[in-house]
Asks: 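Below are the structure tokens for one structure; questions will follow.
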Amino acid sequence: MLKEYEAALVEKKLLGIGNVLLTFACEDIAKMAEPGQFVNVSCSLFLKRPFGICTVDPIGNTFSIGVKEVGAGTKDILTASVGDVFSILGPLGHGFSFDGVKKIIAVGGGTGIYPLYFALDKAKRKGIPAICVNGFRSWQDAFFLSECEELSEKTIFASDAGDLGVKGTVMDALKLLQPEDLTDATVFVVGPEIMMKKVSAWAHVHQLSCQVSLEKRMACGFGICLVCVCKIKSDADNMPFHHVRCCKEGPVFQASEVIW
Ligand SMILES: Cc1cc2nc3c(=O)[nH]c(=O)nc-3n(C[C@H](O)[C@H](O)[C@H](O)COP(=O)(O)OP(=O)(O)OC[C@H]3O[C@@H](n4cnc5c(N)ncnc54)[C@H](O)[C@@H]3O)c2cc1C
Ligand code: FES
């Protein structure tokens, strides 16, 4: 059931340049959220802003999101102090499916690491082995390095600047995986669209099931405004595609369904 919560900010932690982890008190979201789901967070502007859920603490009744400042809304959210109260809708959308998943290769770019961190945490708790491949612009932009290493059997970092891990993108990092790393793996990808498209093609070549989290501009976040509509392949005769709402049917989709 869709519910709007008044949630207090209980912790604010700087992670790296422009990236801040915000922790909120909200028992329902902490207990109900699944990896890949998101919350819509109020700011001083008209529309709430969507953020993937990064961590949950169902005992302490808190959850967190990682926010990167890109414009007025995120700037405003990041000026908040501990104790400030936000209106938050969530948990929203459909997250990653763990059905039949035996091993995860989590591939993240930029803020994509936030929802993937939650997925890695769930995988660890379920005893599902995981490999983590994360791309950053440079060492200065990097965060969650030791956290991802803790939750993964193997971690490979890539940076455009070449000052952290492999020089290049996550595509260069994926080349370092061994054939046995790919056995029985399902790929979870969150990051810029061009990166997700390339990783999906890589997964297809290696005959791996792949789930991607699409990041569309959103308004309502729960399926009524149609701002976030995108095209998904259709099985129906004479219909190459059908429309879905990224916020409601997604944001996570099977990569094989997505029309990029
Ligand atoms: C399902 C989902 C999960 C997300 N998870 C996170 C997260 O975990 N951490 C995080 O920092 N951000 C995340 N985002 C992106 C975040 O919602 C946007 O950065 C934010 O809404 C921008 O608001 P703004 O007012 O600061 O920027 P605006 O002034 O509205 O825009 C500034 C710039 O950001 C771009 N932008 C704005 N909204 C989006 C969007 N939805 N997708 C892609 N580009 C956008 C604009 O095109 C523009 O270039 C997520 C988005 C979605 C849809
Ligand atoms: S954001 Fe309104 S329908 Fe998706």
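Order of appearance sets the numbers: ligands from 1, and atoms from 1 within every ligand.
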Asks: Less than 3.5 Å between some nitrogen or oxygen of Pro251 and one of ligand 1, yes or no?
Replies: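 No; the residue has no nitrogen or oxygen that sits under 3.5 Å from a nitrogen or oxygen of the ligand.
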Asks: Are the side chains of Ile232 and Ile259 in touch, meaning some heavy atoms are under 4.5 Å apart?
Replies: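 The answer is no, as the side chains (C-beta and beyond) never meet within the 4.5 Å cut-off.
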Asks: Taking the six-membered ring for Trp, are Tyr114 and Phe38 closer than 6.0 Å centroid to centroid?
Replies: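 Here the rings of Phe38 and Tyr114 have centres that are no less than 6.0 Å from each other.
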Asks: Would Met218 count as a polar contact of ligand 1, with the cut-off being nitrogen or oxygen pairs under 3.5 Å?
Replies: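 So ligand 1 has no N or O lying under 3.5 Å from an N or O of Met218.
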Asks: Should Gly66 be counted as touching ligand 1, given the test is an N or O pair under 3.5 Å?
Replies: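 Yes, since at least one N or O of Gly66 sits under 3.5 Å from an N or O of ligand 1.
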Asks: Would Gly52 count as being in polar contact with ligand 1, using the rule that some N or O on each side must be under 3.5 angstrom apart?
Replies: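 The answer is yes, given that Gly52 and ligand 1 share an N or O pair closer than 3.5 Å.
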Asks: If you look at every heavy atom in Ala219 and Val227, which pair is closest and at what distance?
Replies: CB-CG2, 3.9 Å
Asks: Within a 6.0 Å radius of atom NZ on Lys103, are there more than 12 heavy atoms belonging to other residues, nucleotides or ligands?
Replies: yes
Asks: Looking only at N/O atoms, are Glu215 and ligand 1 under 3.5 Å apart anywhere?
Replies: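 Right, the criterion is met.
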Asks: Using the six-membered ring wherever Trp is involved, compare the ring planes of Phe24 and Phe86 and label them parallel, tilted or perpendicular (cut-offs 30° and 60°).
Replies: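 It falls in the perpendicular class, over 60°.
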Asks: Out of Arg217, Glu69, Lys48, Gln37, who is nearest to atom 45 (C) of ligand 1 when you count heavy atoms only?
Replies: Arg217
Asks: So which heavy atom in the protein is nearest atom 4 (Fe) of ligand 2, and how far is it from that ligand atom?
Replies: Cys228 SG, 2.2 Å
Asks: Could you check whether Lys122 pairs with Glu34 (Lys NZ or Arg NE/NH1/NH2 to Asp/Glu carboxylate O, under 4.0 Å)?
Replies: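 Looking at Glu34 together with Lys122, the answer is yes, because their closest N to O distance falls below 4.0 Å.
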Asks: Could you tell me whether Phe38 and ligand 1 have an N or O pair separated by under 3.5 Å?
Replies: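 There is no such contact.
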Asks: Which of the numbered atoms in ligand 2 are below 4.0 angstrom from a heavy atom of Cys225?
Replies: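 Near Cys225, meaning under 4.0 Å from one of its heavy atoms, ligand 2 has 1 (S), 2 (Fe), 3 (S).
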Asks: Short N/O distance, under 3.5 Å, between Tyr114 and ligand 1?
Replies: no
Asks: Over 60° means perpendicular and under 30° means parallel, so classify the ring planes of Phe188 and Phe96, tilted if in between.
Replies: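 Answer is parallel, since the angle falls under 30°.
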Asks: Distance check below 2.8 Å: does Cys220 bring an N, O or S atom to atom 2 (Fe) of ligand 2?
Replies: yes
Asks: Does Val70 reach ligand 1, in the sense of a heavy atom lying below 4.0 Å from it?
Replies: yes
